[in-house]
Amino acid sequence: GAVVSQHPSRVICKSGTSVKIECRSLDFQATTMFWYRQFPKQSLMLMATSNEGSKATYEQGVEKDKFLINHASLTLSTLTVTSAHPEDSSFYICSAREATSYNEQFFGPGTRLTVL
Amino acid sequence: AQKVTQAQTEISVVEKEDVTLDCVYETRDTTYYLFWYKQPPSGELVFLIRRNSFDEQNEISGRYSWNFQKSTSSFNFTITASQVVDSAVYFCALRGSGNTPLVFGKGTRLSVIA
């Protein structure tokens, strides 16, 4: 199956700093990428959907100025958590889909963010 | 809107017991897709199965089986002869037609005790 990578896998940062998480589709072109957030013992909640070359569409309640998403190429999307605070500590998971098959949505291994 | 309900928050079974994880979904789409994922403690989602709305055939894969019933909007997952390695959180998910994202249920935490 197709592979999606995320980097870093874990990050610890101080409150007020910004953190960038990369999501790459390694062997296919991801025309659409999704970013999910998962708090401990909770489900995956969709944060935003991004199509290559377009602005991301954010779910209700997700601050677009705080969670900056860039999907500049068909293999790379980035999520930047700006001015991170402890409440942003979570598990962030990206997912990618190629244009030829809406059926398939491949998930990255996730990034665990801890904000001190 | 799509919605997935997993009423069982946590289940604990003894090894070798059979266990069924329930999933009920809601959608207005006539074409839709149902999924099950396993999330072990590492956090990485493991894809288990995808079913489209036109295929109501039940499926068996080793110790895993799935029962899809459109009449009750359910897509239940059974593990036969459970093993300790089956301990994880299991998510049922739904996607409607078109380029729409997966919507996840709240998950069921399965603990298999030796």
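Keep in mind that the numbers below use all heavy atoms, side chains included, and drop hydrogens, waters and symmetry copies. Quick note on labels: first sequence line is chain A, next is B, and so on, each numbered from 1.
If you measure heavy-atom distances from Phe91(B) to chain A, the contacts under 4.5 Å come from the side chain alone.
Arg112(A) places no side-chain N or O within donor-acceptor distance of the main-chain N or O of Gly43(B), the cut-off being under 3.5 Å. The backbone N or O of Gly105(B) sits less than 3.5 Å from a side-chain atom of Ser43(A), completing a donor-acceptor pair.
Both Tyr64(B) and Ile11(B) are assigned to one and the same hydrophobic cluster, defined by single-linkage of ILVMFWY side chains at heavy-atom distances under 4.5 Å. Hydrophobic clustering (side-chain heavy atoms under 4.5 Å, transitive across Ile, Leu, Val, Met, Phe, Trp, Tyr) groups Tyr90(B) together with Tyr25(B). A continuous path of Ile, Leu, Val, Met, Phe, Trp and Tyr side chains, each step under 4.5 Å between heavy atoms, connects Trp35(A) with Val19(A), placing both in one hydrophobic cluster. Hydrophobic cluster membership is shared by Val4(B) and Phe77(B), with clusters built from Ile, Leu, Val, Met, Phe, Trp and Tyr side chains linked at under 4.5 angstrom. Residues Leu21(B) and Phe35(B) do not share a hydrophobic cluster, defined by chaining ILVMFWY side chains whose heavy atoms lie under 4.5 Å apart.
Remark: Tyr36(A) OH to Leu102(B) CG distance equals 5.0 Å, nearest 0.5 Å. The CG atom of Leu44(A) lies 6.0 Å from the CD atom of Gln39(B); values are rounded to the nearest 0.5 Å. In this structure, CD in Glu44(B) is found 9.0 Å from CD in Gln6(A), a value given to the nearest 0.5 Å. With rounding to the nearest 0.5 Å, the separation of NZ in Lys106(B) from CD in Gln42(A) is 8.0 Å. Leu45(B) CG to Gln38(A) CD: the interatomic distance, rounded to the nearest 0.5 Å, is 7.0 Å.
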**Message:** One pair to check against ring-ring contact (aromatic ring centres under 6.0 Å, His included): Phe106(A) and Phe47(B). What are the steps and the verdict?
**Reply:** CA-CA 9 Å; Phe106(A) 305 100; Phe47(B) 168 80; 8.4 Å; no
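Nearest heavy-atom pair across Asn99(B) and Arg97(A) is OD1-NH1, 2.8 Å. Across all their heavy atoms, Phe91(A) and Ser42(B) have their closest contact at CZ-O, 4.4 Å.
A 6.0 Å sphere centred on NZ of Lys41(A) holds no more than 12 heavy atoms belonging to other residues, nucleotides or ligands. Applying the 6.0 Å contact sphere to CG of Leu116(A) captures more than 12 heavy atoms from other residues, nucleotides or ligands. Counting non-hydrogen atoms of other residues, nucleotides and ligands closer than 6.0 Å to CD of Glu87(A) gives a total above 12.
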